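Presented below is the structure to which this report refers.
Keep in mind the model is a prediction, meaning the values are calculated, not measured. Counting starts at 1 for both ligands and their atoms, following the listed order.
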Amino acid sequence: MRAAPLLEVEGLACGYGARAVLSNLSFQVEAGEVLMLLGPNGVGKTTLFRTLLRLLAPLAGQVRLGGDDVARWPARRFAAQVGYVPQAHTPPFPFRVLDVVMLGRAAHLGPFSTPSESDIRVAESALGSLGLSALAGRPYTQISGGERQLVLIARALAQAPALLIMDEPTANLDFGNQVAVLDRVGALARREGKGIILTTHDPNHALAHATRVAALGRDGSLHVGPPDEVVTAAYLHATYGVRSRFLALEDRTVCVPVRREWNPCAPQVCGETP
Ligand SMILES: Nc1ncnc2c1ncn2[C@@H]1O[C@H](COP(=O)(O)OP(=O)(O)OP(=O)(O)O)[C@@H](O)[C@H]1O
C-alpha cells in the first residue's frame, strides 16, 4: 500500500470569521519535495499558511500529516513535525541570536527540561550551515533584516521538522543569500527528505528551485504541477498583467518581464483601472 503524503490538503477553505479568502484547495507535499506557492498580493497565501499552521481553523476541509487530520493533535506533536519560517520581524526583547535559534529545539525538550549540550550543538551547527556563526552572541534586535531572516531559517533547521513552511524566505536577502538559501532549501529536501512549502513572488525562483509549483490565480483558483507547466506566459499575463519571454538556458528556463499590459493592482492602491 502506498504511504500517505507528508502533507495533504483536501477541500480546504480558509479565511477570517465567516469570510473565506480561499476555498476548495487540494494539494499535497511529499517528503523530499519543494513546493513553491506563487500568487498575487492579497490573494491569501499567508492566510493559507496560517491555516496550515493551525493559527486559523479551517472553514472547511482537512489538513493531514502522514494521513492523519492535525486538527486535534497536541501542540507538542505538531511542533515536532512542522517548522515555520515567518518573514523577519523585530522582537521586543534583545535575545542573543543563539538563543533565538535554540527556541527551535523547544519541541524536542521534555516539559521541565532545559536545553542539553547536544541541543546547543544542533543550534550552533544550524547557524554555521548558513554562515552565521559570528552572529551567535549578538542581540537579535541589533542585526540587519536579512540577517534576521537567515537566523529564523537557522531556527527552523534546529527544529528539524519533517515539514517546513516558509513565508517568502528570500524577501529580505541580497542576491547571493537568495541563491544560498534556495540551494540550502533544495538540499534539505533532496538529502534529508524534508517536505518544504514556501512562498515566493519571483517566478524564476519557482522555475529554478521548485520540484512543483502551486500557482494561485487572481480568482483564488489553484493550479499545481511541474514548474514549466505552471509558470507560463499565460499565467504571468493573466495574474500580473505582464507579458514575459521565456529563455531556455542549458540547465533551466528563465523568464524575463517584457512589458506590463494592464494594471493588476486595486485602483485604490495604484490609482489606475485595469
Ligand atoms: N487578520 C485579518 N483579518 C481579516 N482579513 C485579513 C486579515 N489578514 C489578511 N486579511 C485579508 O485576507 C486577504 C488575504 O491576505 P493574505 O495576507 O493572506 O494575502 P497574501 O497572498 O499573503 O498577500 P501578500 O502577497 O501581499 O503578502 C486580503 O484581502 C487581506 O486583506
Side-chain angles (χ1 to χ4, degrees), residues 7 9-27 29 34-63 70 82-91 145-146 148-149 152-153 156 163-173 178 181-182 185 196-207 209-210 212-225 227 230-231 235-242 244 255 257 260 262-274:
L7 171 71
V9 169
E10 190 178 330
L12 189 70
C14 48
Y16 303 90
R19 180 184 158 237
V21 171
L22 291 169
S23 320
N24 204 20
L25 300 179
S26 295
F27 63 90
V29 180
V34 179
L35 180 75
M36 288 205 189
L37 181 63
L38 281 177
N41 288 132
V43 78
K45 300 175 297 295
T46 303
T47 306
L48 168 61
F49 277 9
R50 285 185 188 144
T51 311
L52 296 183
L53 290 160
R54 306 197 313 174
L55 302 172
L56 287 172
L59 303 181
Q62 269 193 355
V63 177
V70 299
V82 180
Y84 176 50
V85 179
Q87 291 191 28
H89 64 295
T90 309
R148 277 201 291 275
Q149 186 70 65
L152 293 175
I153 293 169
L163 176 73
L164 203 46
I165 297 176
M166 309 173 93
D167 194 0
E168 290 188 58
T170 54
N172 291 298
L173 301 182
Q178 288 184 28
V181 162
L182 292 172
V185 162
I196 296 164
I197 174 168
L198 68 82
T199 46
T200 177
H201 281 300
D202 188 337
N204 280 311
H205 288 172
L207 285 167
H209 297 275
R212 285 188 309 140
V213 175
L216 283 160
R218 306 197 69 78
D219 58 358
S221 58
L222 184 69
H223 185 196
V224 185
V230 175
V231 185
Y235 171 74
L236 296 178
H237 187 253
T239 308
Y240 304 104
V242 173
S244 307
C255 72
R260 198 188 69 178
W262 54 271
N263 185 348
C265 297
Q268 64 272 27
V269 176
C270 298
E272 300 173 32
T273 43

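- Side-chain atoms of Ile153 and Met166, non-hydrogen and from C-beta on, do get closer than 4.5 Å to each other.
- In terms of N/O distances under 3.5 Å, ligand 1 is approached by Lys45.
- Looking at Leu22, Thr46, Leu216, Thr199 and measuring to atom 17 (O) of ligand 1, the nearest heavy atom belongs to Thr46.
- Side-chain contact check for Phe27 versus Leu48: some heavy-atom pair is nearer than 4.5 Å.
- Residues Arg19 and Leu59 are not in side-chain contact: their nearest non-hydrogen atoms beyond the backbone lie 4.5 Å or more apart.
- Residue contacts with ligand 1, taken as heavy atom pairs separated by less than 4.0 Å, do not involve Gln87 at all.
- Contact check for Leu152 versus Arg148: no side-chain heavy atoms found under the 4.5 Å cut-off.
- At the shortest separation from atom 13 (C) of ligand 1 among protein heavy atoms lies Gly42 O, 3.6 Å.
- Those atoms of ligand 1 with a heavy atom of Arg50 less than 4.0 angstrom away are 8 (N).
- Partner of Leu222 under the side chain to side chain contact (heavy atoms under 4.5 Å, CB included) criterion, out of Leu22, Val9, Leu37: Leu37 alone.
- The side chain to side chain donor-acceptor pair (under 3.5 Å) search around Ser26 returns none, not counting sequence neighbours.
- Among protein heavy atoms, the minimum distance from atom 6 (C) of ligand 1 is reached at Tyr16 CE1, 3.3 Å.
- Residue His201 has at least one heavy-atom neighbour below 4.0 Å for each of these atoms of ligand 1: 25 (O).
- For atom 31 (O) of ligand 1, the nearest protein heavy atom lies 4.0 Å away or farther.
- Thr199 places a side-chain N or O within 3.5 Å of a backbone atom of Glu168 that can act as its donor or acceptor partner.
- Ligand 1 has no nitrogen or oxygen under 3.5 angstrom from a nitrogen or oxygen of Gly39.
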Check your understanding: Can you check side chain to side chain donor-acceptor pair (under 3.5 Å) on Ser221 and Asp219, steps first, answer last?
Key -> CA-CA 6 Å; Ser221 58; Asp219 58 358; 2.6 Å; yes

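- Counting heavy atoms closer than 4.0 Å to ligand 1, residue Val21 contributes side-chain atoms (C-beta onward) but none from N, CA, C or O.
- Residue contact check: Pro40 has heavy atoms under 4.0 Å from atoms 21 (O) of ligand 1.
- In this structure, the side chains of His209 and Gln178 stay at 4.5 Å or more apart for every pair of heavy atoms.
- Residue, atom and distance of the protein heavy atom nearest to atom 11 (C) of ligand 1 are Arg19 NH1, 3.9 Å.
- In the vicinity of Gly44, heavy-atom distances shorter than 4.0 Å reach the ligand 1 atoms 14 (C), 16 (P), 18 (O), 19 (O), 20 (P), 21 (O).
- Comparing heavy-atom distances from atom 16 (P) of ligand 1 across Thr47, Asn41, Leu48, Val43 singles out Thr47 as nearest.
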